[in-house]
Amino acid sequence: MQDDIDLFVICDAGGIPRGGAASFSLSRQNDEGESRPFPILIIRTDDDVYVGYANICPHNRLWLNIGDNEFFSGDHNFLECGRHGARFDILSGQCVTGPCSGARLEPVPLMLSEGEVCAYGVKLVEDSPYPDPFSDYADYDETMEIMIHPD
Ligand code: FES
């Protein structure tokens with residue numbers, strides 16, 4: 001989907017339950033025009049607010065969820081990195097405790113349009129079906145693969 005501000009449909013808004021989160025493997029263009037993996041995370045809060053972040057922990061630059069695909073702390077009050085336990089405020093993305101305390105998750109601007117969660121303001125490109133073995137994210141886990149069609 002494309003609009004005046006280049007909306008990119010990520011998923012159906014109802015596809016993420018309240019209080020839940022989902023990850024997606026996208027690609028975006030870097031400054032050199034190259035397509036690079038861009039894993040993202042979308043959270044739907046209990047209050048029905050959708051929040052998006054790059055699924056990249058500021059500590060080691062790897063995605064937050066490992067193993068069980070869980071994004072939240074046990075009490076569900078924070079996002080939590082499964083590697084070394086950094087905790088992030090859900091609405092701001094700021095790390096409140098852990099090895100990257102004070103750092104922030106990279107926000108992904110989201111908008112709801114016709115019942116779909118859309119990203120905007122990011123140069124997304126059509127995704128490659130296979131992760132780049134030479135990228136920082138070569139050990140991809142079981143995130144959902146989706147295709148982005150900019151036109
Ligand atoms: S990689 Fe996330 S806390 Fe270390």
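When a ligand or atom number is given, it counts from 1 through the structure's own listing order. Positions are given from 1, in the same order as the sequence printed here.
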Please list, in number order, the atoms of ligand 1 under 4.0 Å from a heavy atom of [X].
X     : answer
Pro99 : 3 (S)
Ala86 : 3 (S)
Asn60 : 1 (S)
Arg83 : 1 (S)

Report whether any nitrogen, oxygen or sulfur of Cys100 sits less than 2.8 Å from atom 2 (Fe) of ligand 1 (N, O or S, backbone or side chain).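 Within the cut-off used here (under 2.8 Å), Cys100 places no N, O or S atom near atom 2 (Fe) of ligand 1.
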
Looking only at heavy atoms, is any part of Cys81 under 4.0 Å from ligand 1, and if so is it the side chain, the backbone, or both, or is it neither? side chain

Might you work through the side chain to side chain contact (heavy atoms under 4.5 Å, CB included) test for Ile40 and Ile10, ending with a clear yes or no? CA-CA 10 Å; Ile40 71 164; Ile10 305 298; 4.2 Å; yes

Looking at atom 4 (Fe) of ligand 1, which N/O/S atom of His84 is the nearest one? ND1

Which atom of His59 approaches atom 4 (Fe) of ligand 1 most closely (N/O/S):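 Minimum-distance N/O/S atom of His59 relative to atom 4 (Fe) of ligand 1 is ND1.
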
Rounded distance [0.5 Å steps], OH in Tyr120 versus OG in Ser113: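 Interatomic distance, Tyr120 OH to Ser113 OG, rounded to 0.5 Å: 12.0 Å.
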
Leu26 CG to Phe38 CZ distance, which is reported to the nearest 0.5 Å: 7.0 Å

Phe72 to Glu80 - nearest heavy-atom pair and separation: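 Result for this residue pair: C-CB, 4.0 Å.
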
Between the side chains of Ser73 and Asp75, is a donor N or O closer than 3.5 angstrom to an acceptor N or O? yes

Which one of Asn55, Val51, Val117, Val108 satisfies the side chain to side chain contact (heavy atoms under 4.5 Å, CB included) criterion with Ile42?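 Passing option: Val117.
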
